[in-house]
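The structure appears right after this line, and notes come after that.
The sequence lines fix the lettering, A, B, ..., with proteins before strands; numbering per chain opens at 1. Nothing here was measured: the structure is a model prediction, and the numbers come from that model.
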Protein chains: 4
Amino acid sequence: MNNSSQIEGQDERHRGSRKRARTRADLLKAARQVFAKRGYHDTSIAEITEKADVGVGTFYLHFRDKDEIFSTLLEEGFCEMRKQIAVALEQIPQERRLASVIRAIFLHAHAQRDLFVIALTGRDGAQLGGVMRAQAGLIEGLTKALEGSSQKHQDEQNLPLLARFISGMIIQGIFWWFEHDEPGPEAMANQVLELLAHGLPVPLLDKNL
Amino acid sequence: MNNSSQIEGQDERHRGSRKRARTRADLLKAARQVFAKRGYHDTSIAEITEKADVGVGTFYLHFRDKDEIFSTLLEEGFCEMRKQIAVALEQIPQERRLASVIRAIFLHAHAQRDLFVIALTGRDGAQLGGVMRAQAGLIEGLTKALEGSSQKHQDEQNLPLLARFISGMIIQGIFWWFEHDEPGPEAMANQVLELLAHGLPVPLLDKNL
Amino acid sequence: MNNSSQIEGQDERHRGSRKRARTRADLLKAARQVFAKRGYHDTSIAEITEKADVGVGTFYLHFRDKDEIFSTLLEEGFCEMRKQIAVALEQIPQERRLASVIRAIFLHAHAQRDLFVIALTGRDGAQLGGVMRAQAGLIEGLTKALEGSSQKHQDEQNLPLLARFISGMIIQGIFWWFEHDEPGPEAMANQVLELLAHGLPVPLLDKNL
Amino acid sequence: MNNSSQIEGQDERHRGSRKRARTRADLLKAARQVFAKRGYHDTSIAEITEKADVGVGTFYLHFRDKDEIFSTLLEEGFCEMRKQIAVALEQIPQERRLASVIRAIFLHAHAQRDLFVIALTGRDGAQLGGVMRAQAGLIEGLTKALEGSSQKHQDEQNLPLLARFISGMIIQGIFWWFEHDEPGPEAMANQVLELLAHGLPVPLLDKNL
DNA sequence: TATGAATGAGCATTCATTCAT
DNA sequence: AATGAATGAATGCTCATTCAT
């Protein structure tokens with residue numbers, strides 16, 4: 001006791017808060033694993049705290065309830081991603097941003113599948129769709145990218161709806177990875193972009209639709 | 001009496017079975033409403049039976065458990081739809097089937113939103129199957145339509161993945177209706193088909209993607 | 001219809017009651033099978049009526065509840081047996097009745113194991129022992145036989161308790177048949193009687209007990 | 001503090017675990033009372049927890065289900081008894097063990113009637129195991145005692161069946177106490193042993209059986 | 001009489017949340 | 001701050017019993 005107080009000195013008052021942050025992180029990490037494996041509803045606080053190797057009560061010292069840790073998990077999980085994408089986009093001219101956003105999303109989704117499982121699998125039930133709420137950010141980003149791309153003609157096009165269509169494709173691409181390994185993120189993005197650029201390959205479509 | 005016995009005959013000989021069928025239908029109808037409002041997990045059998053105005057025990061006379069009524073609901077709900085679409089398609093040449101399928105889906109989805117809410121909202125959680133399983137039929141149908149459209153070049157294209165992209169767009173179109181009334185099913189289908197035919201409108205996209 | 005009314009004639013008014021008796025017998029027979037297989041508590045009225053091939057409601061036309069059919073089953077089942085034994089005993093001198101009772105019981109028990117399963121397995125829980133209540137008749141009969149055998153010295157012996165000991169042996173003999181086929185009823189009775197006559201075989205017992 | 005930590009040490013280091021053990025014991029005690037009063041099937045977990053003065057959920061913190069507390073109750077209840085009897089027997093020569101076992105059983109059964117009610121009343125129903133399973137230990141012990149007593153002639157005698165007869169008598173002796181206070185355990189054992197030694201008292205039996 | 005669909009009290013079981021230590 | 005035993009409301013499900021036909 002004496003010993004440690006001499007060594008750490010100035011950080012003395014922070015030790016508690018550092019430990020606290022560590023516990024919080026453990027809980028979030030555990031929650032990420034369990035939510036991904038079981039889904040929102042079949043995840044119990046007990047399983048999270050077990051995996052995090054803390055007492056049940058400790059959970060409530062850090063999060064109000066299951067809902068809060070769930071939201072926090074997604075928020076913090078996607079926050080970093082959002083930032084990275086935002087920064088990356090700044091260096092890219094308006095007209096090419098859509099393609100970049102799509103590529104970036106697939107890249108991150110491929111690297112962090114578990115987070116996307118959680119987001120897309122959602123806590124459903126809760127009024128109309130975990131999936132939808134999870135998409136909020138995605139759709140918002142796409143809408144902005146689209147708005148950036150088109151300064152004119154906006155009135156003719158239903159931009160938000162278009163953004164939704166694109167997000168729908170992206171989500172399906174990610175779901176695809178739950179069952180297949182190929183194609184990788186680059187190729188996946190290219191497939192989507194090709195479709196966005198020219199529509200279905202000619203032989204698949206009779207132009208008189 | 002004679003008359004009715006001749007007409008109904010076969011499967012409704014007994015008054016009891018007519019009542020029984022009525023109760024079953026009441027339960028399914030109630031379940032449809034409650035599942036749509038609350039989602040799978042927050043729906044209790046009690047709420048279903050209350051809404052159906054029958055005793056709790058009655059539920060178990062007709063369905064083994066919550067899962068069974070859920071499956072039945074979707075199966076029977078989509079069965080009719082599937083049949084109608086299948087019949088309609090027979091009269092349409094291979095090359096135009098994709099467009100017809102998409103139009104038909106939007107038409108039905110618009111008319112029966114609640115059923116789609118339930119299907120898309122799913123009972124998921126349990127191992128990312130929810131939304132995906134619901135899509136199974138959709139994707140399968142689309143894949144077939146695509147295969148029908150393309151006699152050659154199949155090897156070059158990842159058809160199942162393409163079908164997934166399309167189903168993703170359709171689902172987003174349907175979700176859109178949870179928040180907006182416009183555009184109607186026809187226009188919605190046209191938007192999707194336009195995108196599939198030519199890609200994004202030119203001004204939105206810089207061709208150098 | 002015409003036909004049968006001509007043939008049966010005078011019994012016309014009884015047809016209903018004959019049918020009724022038939023149904024009652026079907027229920028009792030079915031109950032016997034089910035109680036023997038499942039035991040009192042795990043037997044449901046539904047299973048009885050199914051096996052009897054009558055409607056559930058019909059059950060309550062003949063028996064007030066599960067308890068009543070259970071009691072009736074045992075009562076009627078053992079009634080015949082009691083009568084037979086009683087008759088047989090009349091021709092036997094007092095001093096040999098005990099042996100005869102024991103032989104008779106084993107004979108009947110061997111022939112009607114299922115009834116004895118039900119009686120001995122009981123509906124327990126209900127305050128202190130189905131087994132005990134089932135034994136009531138048995139013990140009563142044995143006590144009488146004992147009393148008949150001993151006109152004097154009764155004060156020295158606790159006759160009812162002795163009767164209980166004997167009934168205990170008999171019950172174990174019957175239980176033995178649930179697992180083994182040998183020895184048959186004759187030999188089984190002899191084993192018990194030998195024990196009653198001389199005690200354990202000498203080599204098994206050191207006389208200084 | 002030092003003191004207590006030294007004394008208790010081993011398995012009660014934490015205050016929590018002491019409380020936990022207390023609760024477990026409360027539940028077992030309550031279960032013992034309720035099972036004895038109502039029998040297995042008519043005992044509800046609620047009644048146990050009420051009597052133990054704990055919440056319903058607490059029950060499941062200590063026992064998986066009704067079956068488990070039931071088994072535990074008997075196991076732990078008879079464990080001590082078995083040990084005592086085993087120890088006592090070691091100091092007794094082979095030939096006298098049978099008598100000692102019987103005396104010991106009556107002694108314990110008299111002191112712990114409720115436990116025996118539970119054991120003999122059983123949760124049976126389920127396939128005539130109840131009473132029989134409860135006897136398993138009893139019969140096994142008796143069989144061993146018998147085998148010890150007889151070094152020769154074993155082939156002539158059906159020892160297991162004999163053991164069953166004896167266990168049957170003992171059980172009846174115990175049931176007797178549910179209704180009467182006399183005779184006490186010593187006298188009861190003597191009655192049984194007298195019967196085993198010489199058979200029924202002469203006047204009760206005509207030797208020509 | 002016979003039927004079997006309907007009933008609902010009753011019970012086992014889970015799990016988010018609290019709180020004494 | 002951390003703990004984990006305790007809690008009890010909530011829910012799924014069963015089955016003896018009733019009653020309209």
Side-chain angles (χ1 to χ4, degrees), chain A residues 15-17 19-20 22-24 41-50 53-67, chain B residues 14-24 26-27 41-49 52-67, chain C residues 15-17 19-20 22-24 41-50 53-67, chain D residues 14-24 41-49 52-67:
Chain A
R15 237 192 312 159
S17 69
K19 172 84 188 291
R20 183 178 158 84
R22 182 82 173 88
T23 301
R24 200 188 113 106
H41 280 285
D42 292 339
T43 291
S44 74
I45 267 71
E47 196 171 352
I48 294 176
T49 54
E50 250 165 62
D53 199 37
V54 300
V56 230
T58 309
F59 177 92
Y60 293 90
L61 252 32
H62 294 272
F63 303 96
R64 195 170 355 88
D65 52 23
K66 196 158 58 147
D67 248 71
Chain B
H14 309 298
R15 264 161 303 160
S17 69
R18 228 180 306 169
K19 172 100 190 269
R20 186 180 158 86
R22 181 85 173 82
T23 302
R24 200 188 115 106
D26 287 347
L27 281 166
H41 281 285
D42 292 337
T43 291
S44 76
I45 268 72
E47 193 170 356
I48 294 177
T49 55
D53 198 35
V54 299
V56 230
T58 307
F59 177 91
Y60 294 91
L61 234 48
H62 295 271
F63 304 96
R64 192 164 2 82
D65 52 23
K66 215 197 336 185
D67 245 70
Chain C
R15 238 191 311 158
S17 70
K19 173 85 188 289
R20 184 180 158 82
R22 182 83 172 88
T23 301
R24 201 188 113 106
H41 280 283
D42 292 339
T43 291
S44 74
I45 267 70
E47 195 171 353
I48 294 176
T49 54
E50 250 165 62
D53 198 38
V54 300
V56 229
T58 308
F59 177 92
Y60 292 89
L61 251 33
H62 294 270
F63 303 96
R64 194 169 355 88
D65 51 24
K66 199 164 47 151
D67 247 69
Chain D
H14 310 298
R15 263 160 304 160
S17 70
R18 229 181 306 167
K19 172 100 189 270
R20 187 180 158 83
R22 181 85 172 84
T23 301
R24 200 187 114 106
H41 283 285
D42 292 336
T43 291
S44 76
I45 268 72
E47 193 171 354
I48 294 177
T49 55
D53 199 36
V54 300
V56 229
T58 308
F59 177 92
Y60 294 90
L61 235 47
H62 295 271
F63 304 96
R64 194 168 0 83
D65 51 23
K66 214 193 342 180
D67 245 71

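The interatomic distance linking A/Leu61 (CG) with E/dC19 (C1') rounds to 12 Å, in whole Å. Atom P of nucleotide F/dT3 and atom CZ of D/Arg18 are separated by 20 Å, given to the nearest angstrom. Atom NE2 of A/His41 and atom P of E/dC15 are 13 Å apart (whole Å). With rounding to whole Å, C/Tyr60 atom OH is found 15 Å from E/dA2 atom C1'. With rounding to whole Å, B/Arg20 atom CZ is found 14 Å from E/dT3 atom C1'. Atom CD1 in D/Ile48 sits about 17 Å away from atom P in F/dG8, given to the nearest Å. Taking atom CZ of residue B/Arg22 and atom C1' of nucleotide F/dA20, one finds them 17 Å apart after rounding to whole Å. Between B/Asp42 atom CG and F/dG12 atom C1' the separation is 15 Å, expressed in whole Å.
Using a 4.0 Å heavy-atom cutoff across all strands shown, C/Thr49 reaches no nucleic acid atom at all. In this structure, B/Thr58 reaches the bases: a heavy-atom distance under 4.0 Å links it to at least one base atom across the strands shown. B/Val54 comes within 4.0 angstrom of the backbone, heavy atoms only, and of no base. Nucleic acid contact class of B/Ile45 (heavy atoms, under 4.0 Å, all strands): sugar-phosphate only.
In this structure E/dT17 sits in a base pair with F/dA6, meeting the Watson-Crick or G-U test at under 3.5 Å.
Using a 4.0 Å cut-off, some side-chain N or O of C/Lys66 falls inside it from OP1 or OP2 of F/dA16.
Expressed to the nearest 0.5 Å, how far NE2 of C/His62 lies from OG1 of C/Thr49 amounts to 12.0 Å. If you take CZ on B/Arg22 and CG on B/Leu27, they are separated by 11.0 Å, rounding to the nearest 0.5 Å. Interatomic distance, CG of C/Asp53 versus OG1 of C/Thr58, reported as 10.0 Å (0.5 Å rounding).
Each of A/His62 and D/Gly55 lies near DNA chain F, and the nucleotide nearest A/His62 is the one positioned closer to the 5' end. Taking the nucleotide of DNA chain E with the nearest heavy atom to each of D/Ala46 and C/Phe59, the more 5' of the two is matched to C/Phe59. Mapping C/Val56 and B/Asp65 onto DNA chain F by nearest heavy atom places B/Asp65 at the nucleotide closer to the 5' end.
The side chain of A/Ser44 lies closest to E/dA16 when the candidates are E/dA6, E/dA12, E/dA16.
Shown here for A/His41 and B/Asp42, the closest heavy-atom pair between the two residues is CE1-OD1, 3.9 Å. Looking at every heavy atom in both residues, B/Lys66 comes nearest to B/Ile45 through CG-CD1, 3.5 Å.
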